[in-house]
Each structure stands twice: as structure tokens, then as C-alpha cells.
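Input: a single structure, listed below in C-alpha cells.
Please read all numbers here as calculations on a predicted model, not as lab measurements. For the single chain, residues carry numbers from 1 onward in sequence order.
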Amino acid sequence: VQLQASGGGLVQAGGSLRLSCATSGSTFSSYAMGWFRQAPGKEREFVAAISWSGLTTYYADSVKGRFSISRDNAKNTVYLQMNSLKPEDTAVYYCAASRVPVHTIAILASPSMYDYWGQGTLVTVSS
């Protein structure tokens with residue numbers, strides 16, 4: 001499985017961006033998907049996750065109410081809509097795919113649950 005993240009860029013505080021993560025292969029609908037981010041000098045942190053069906057989502061407290069994760073299994077793509085962006089949202093954003101059977105979506109907050117990672121897309125929020 002190959003993942004290609006896109007949609008990053010420079011935006012002013014309060015603005016919006018939508019990230020996309022296109023995946024290869026015919027088994028996309030069987031993967032849970034997640035977004036992580038890594039700011040300069042910091043560890044990679046969880047942002048959001050979505051179950052294979054799209055019916056269940058989970059967010060980090062820092063983005064809850066501002067970000068929204070969704071997926072289109074027909075297009076093999078997962079999205080991250082980011083609204084009300086803040087300078088502290090500046091980071092490289094990574095999408096990831098997990099084959100782990102998910103009974104409790106909170107486990108997808110751990111990077112170790114993911115099998116495949118995209119290359120990252122840079123989001124810069126200016127103040």
C-alpha cells in the first residue's frame with residue numbers, strides 16, 4: 001500500500017485547509033486510517049483517526065471541534081478538513097493506514113498501530 005498526502009501549504013491563522021491522502025491498492029476500505037503531525041523539534045503526535053467504514057472517528061483534544069476526518073472508499077482517499085487553524089498547528093502532516101482490527105478506536109492514537117505511512121505534507125500557519 002502506498003500513501004500520498006497532499007494539500008498542505010501556507011495559511012493565515014483562522015484559515016482553513018483540506019489535506020488529502022490518496023492510497024494505492026484495492027484494499028483501502030479494509031484499513032483504518034489516521035493523521036499524525038510532527039512539528040520541528042517535537043515528536044510525532046496523533047491528530048485524528050477513522051474506522052474502515054467511516055462511521056467512527058477519533059480526535060486529539062487539541063484539534064477537536066476544529067478538524068474533521070473523513071474518507072471516500074470509492075476514491076481510496078482519506079481527508080482532513082482543518083478549520084480555525086492556529087500557529088501551533090504548523091507541522092508536517094502524515095497519513096497512515098492500519099490493518100489492526102479496531103474494536104476501540106482510541107488505540108489508533110498510537111503510531112505503532114499503523115502499517116503504512118505517507119511521505120508527509122507541510123502545513124504552515126502564520127500569525
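Annotation for L80 and A48: closest pair CD1-CB, 4.2 Å, computed over non-hydrogen atoms. Of all heavy-atom pairs between S16 and N83, the closest is OG-OD1, 2.9 Å.
Tracing side-chain contacts under 4.5 Å through hydrophobic residues (I, L, V, M, F, W, Y), one never reaches F67 starting from Y79; they form parts of separate clusters. In the hydrophobic clustering of ILVMFWY residues, with side-chain heavy atoms under 4.5 Å counting as a link, F46 and W52 come out apart. L85 and I69 fall within the same hydrophobic cluster, defined by Ile, Leu, Val, Met, Phe, Trp and Tyr side-chain heavy atoms under 4.5 Å apart, directly or through other members.
The distance from the CD1 atom of I50 to the OG atom of S98 is 13.5 Å, given to the nearest 0.5 Å. Rounded to the nearest 0.5 Å, atoms NZ (K64) and OG1 (T57) are 9.5 Å apart. M33 contributes atom CE, which lies 9.5 Å from atom CG of N73 (distance to the nearest 0.5 angstrom). Note that OH of Y93 and SG of C21 are 14.5 Å apart. Values are rounded to the nearest 0.5 Å. Taking CG of N76 as the reference point, atom OG of S29 lies at 7.5 Å (rounded to 0.5 Å). T90 contributes atom OG1, which lies 8.0 Å from atom CG of L122 (distance to the nearest 0.5 angstrom).
Every side chain to side chain contact (heavy atoms under 4.5 Å, CB included) that A96 has, sequence neighbours left out, goes to Y114, W117. Not counting sequence neighbours, R44 has no partner by the salt bridge (Lys or Arg N to Asp or Glu O under 4.0 Å) test. Residues forming a salt bridge (Lys or Arg N to Asp or Glu O under 4.0 Å) with R37 (at least two apart in sequence, or on another chain): E45, D89. Scanning for side chain to side chain contact (heavy atoms under 4.5 Å, CB included) contacts around A5 gives W35, C95, Q119, T121, with sequence neighbours left out. Residues forming a salt bridge (Lys or Arg N to Asp or Glu O under 4.0 Å) with R99 (at least two apart in sequence, or on another chain): D115. With sequence neighbours left out, A22 forms a side chain to side chain contact (heavy atoms under 4.5 Å, CB included) with T77.
Between Y59 and S68, some side-chain heavy-atom pair lies under the 4.5 Å cut-off. Proximity of L108 to Y58: side-chain heavy atoms (C-beta onward) are nowhere separated by under 4.5 Å. No side-chain heavy atom of L3 sits under 4.5 Å from any side-chain heavy atom of Y94.
A donor-acceptor contact shorter than 3.5 Å is absent between the side chain of S127 and the backbone of P87.
The cationic group of R71 does not satisfy the cation-pi geometry with Y31, failing either the under 6.0 Å distance to the six-membered ring centre or the 45° limit from the ring axis.
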